Amino acid sequence: MALREIITLPDKRLRLVSEPVTKFDKDLRRLIEEMFETMYEAPGIGLAAIQVGVPARVVTMDLAKKDEPKDPQVYINPELVWASDQKATYEEGCLSIPEYYEQVERPVSVKVKYLDRDGKPQEIEAGGLLATCLQHEIDHTNGVLFIDHISKLKRERVIKKYKKAAKRGGDHAPAARVEPSSRGL
Ligand code: GNR
Ligand code: NI
């Protein structure tokens, strides 16, 4: 198995709307395995395929605490089918926006329809961290980032910071890092 590179802002692929999965084949199994490996290594509690550059509606998650056994979960073609009116605020972070954390308000409970790794339809009702994480990951499959849920001022400040870092060839933009010689400088 192999680690995949996690893409970060300002990579435009993070804004793609991912395609539904239709084939439950060897390629999908490999993608899922490599997403888990990448997510555990990061480390993160969730990962959407587009974060490793694959525009497919695949999400991996593991909310187990450090002292608990692993609890790998896969959500394919996840869809929000219900959300509570009641909201909760949670400090979110994102592997594609490294080292930035902000309070995000979202519905406190949700119902999500999805396919498991065998392609079998499932439904889950979630609250707390699971509800937050599912919404964060479903957003990724639609090209939406958690900074889209904060104030425009804060969002634009963050985007600017990562764009600047990319231009400098900073460590927040490994994919965009280009040597001066190849830039014609
Ligand atoms: O690792 C992650 N932690 C996290 C914390 C609060 C809300 C959402 C998340 S998901 C994030 C990993 C990630 O970027 N998934 O897309
Ligand atoms: Ni994320």
Side-chain angles (χ1 to χ4, degrees), residues 3-21 31-68 70-80 83-84 86-110 112 114 117 124 126-151 154-155 158-159 161-163 165-166 171-176:
L3 283 175
R4 302 236 185 173
E5 190 182 324
I6 296 176
I7 64 174
T8 56
L9 278 184
D11 196 312
K12 288 190 172 66
R13 289 174 290 175
L14 290 168
R15 294 310 191 173
L16 290 175
V17 176
S18 293
E19 294 293 335
V21 170
L31 172 66
I32 290 168
E33 279 319 301
E34 295 184 351
M35 283 175 63
F36 274 120
E37 198 178 332
T38 304
M39 183 183 87
Y40 286 127
E41 202 267 343
I45 57 174
L47 192 71
I50 191 58
Q51 294 182 274
V52 294
V54 179
R57 305 180 83 81
V58 178
V59 166
T60 55
M61 208 179 286
D62 191 330
L63 303 183
K65 304 206 180 72
K66 274 193 197 118
D67 57 340
E68 291 171 353
K70 278 189 183 179
D71 180 26
Q73 300 166 32
V74 181
Y75 302 92
I76 295 165
N77 302 344
E79 252 181 83
L80 208 64
S84 62
Q86 195 193 344
K87 307 283 199 286
T89 301
Y90 201 91
E91 182 173 73
E92 297 195 21
C94 182
L95 294 171
S96 297
I97 314 172
E99 290 158 55
Y100 182 74
Y101 304 89
E102 193 49 78
Q103 302 287 330
V104 178
E105 188 187 78
R106 300 184 186 268
V108 66
S109 355
V110 294
V112 172
Y114 65 99
R117 58 176 98 204
I124 185 174
L129 180 59
L130 178 57
T132 294
C133 207
L134 281 166
Q135 292 173 81
H136 178 116
E137 303 308 342
I138 290 171
D139 272 355
H140 273 303
T141 68
N142 293 319
V144 175
L145 300 170
F146 86 86
I147 53 170
D148 299 336
H149 298 288
I150 65 179
S151 78
K154 282 180 182 168
R155 176 169 59 253
V158 179
I159 290 171
K161 178 183 139 189
Y162 283 89
K163 276 190 181 158
D171 51 345
H172 289 323

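For the numbers below, each heavy atom of this structure counts, side chains included, while hydrogens, waters and symmetry mates do not. In listed order, ligands and their atoms are each counted from 1. What you see is a predicted model, and the numbers here were worked out from it, not measured in a lab.
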Which N or O atoms of ligand 1 sit under 3.5 Å from a protein N or O, and how far apart is each pair?
| from | atom 1 | to | atom 2 | distance (Å) |
| --- | --- | --- | --- | --- |
| ligand 1 | 1 (O) | Ile45 | N | 3.0 |
| ligand 1 | 14 (O) | Gln51 | NE2 | 3.3 |
| ligand 1 | 14 (O) | Leu95 | N | 2.8 |
| ligand 1 | 15 (N) | Gly46 | O | 3.1 |
| ligand 1 | 15 (N) | Gln51 | OE1 | 3.4 |
| ligand 1 | 15 (N) | Glu137 | OE1 | 3.4 |
| ligand 1 | 15 (N) | Glu137 | OE2 | 2.6 |
| ligand 1 | 16 (O) | Gln51 | OE1 | 2.7 |
| ligand 1 | 16 (O) | Gln51 | NE2 | 3.4 |
| ligand 1 | 16 (O) | His136 | NE2 | 3.2 |
| ligand 1 | 16 (O) | Glu137 | OE1 | 2.8 |
| ligand 1 | 16 (O) | Glu137 | OE2 | 2.9 |
| ligand 1 | 16 (O) | His140 | NE2 | 2.9 |

Measuring from atom CG of Leu134 to atom OG of Ser109, what distance do you get when rounded to the nearest 0.5 angstrom? 12.0 Å

Within 6.0 Å of CD in Gln86, more than 12 heavy atoms from elsewhere: no

How about NZ on Lys87, more than 12 heavy atoms from neighbouring residues, nucleotides or ligands closer than 6.0 Å, or not? yes

If we only count heavy atoms from C-beta on, is the Arg57 to Asn142 side-chain gap below 4.5 Å? yes

For the residue pair Arg15 and Asp148, establish whether any side-chain heavy-atom pair is separated by less than 4.5 Å. yes

Under a 4.0 Å N-O cut-off, is there an ion pair linking Glu34 with Arg4? yes

In total, how many protein N/O/S atoms does one find closer than 2.8 Å to the Ni ion (ligand 2)? 3

Taking the six-membered ring of Phe36 as reference, does the NZ or CZ atom of Lys70 fall below 6.0 Å from its centre and within a 45° cone about the axis? no

Measure the acute angle between the ring planes of Phe146 and Tyr100, then classify it against the limits of 30° and 60° as parallel, tilted or perpendicular. parallel

Of all heavy-atom pairs between Arg106 and Asp139, which one has the smallest distance, and what is that distance? NH1-OD2, 3.0 Å

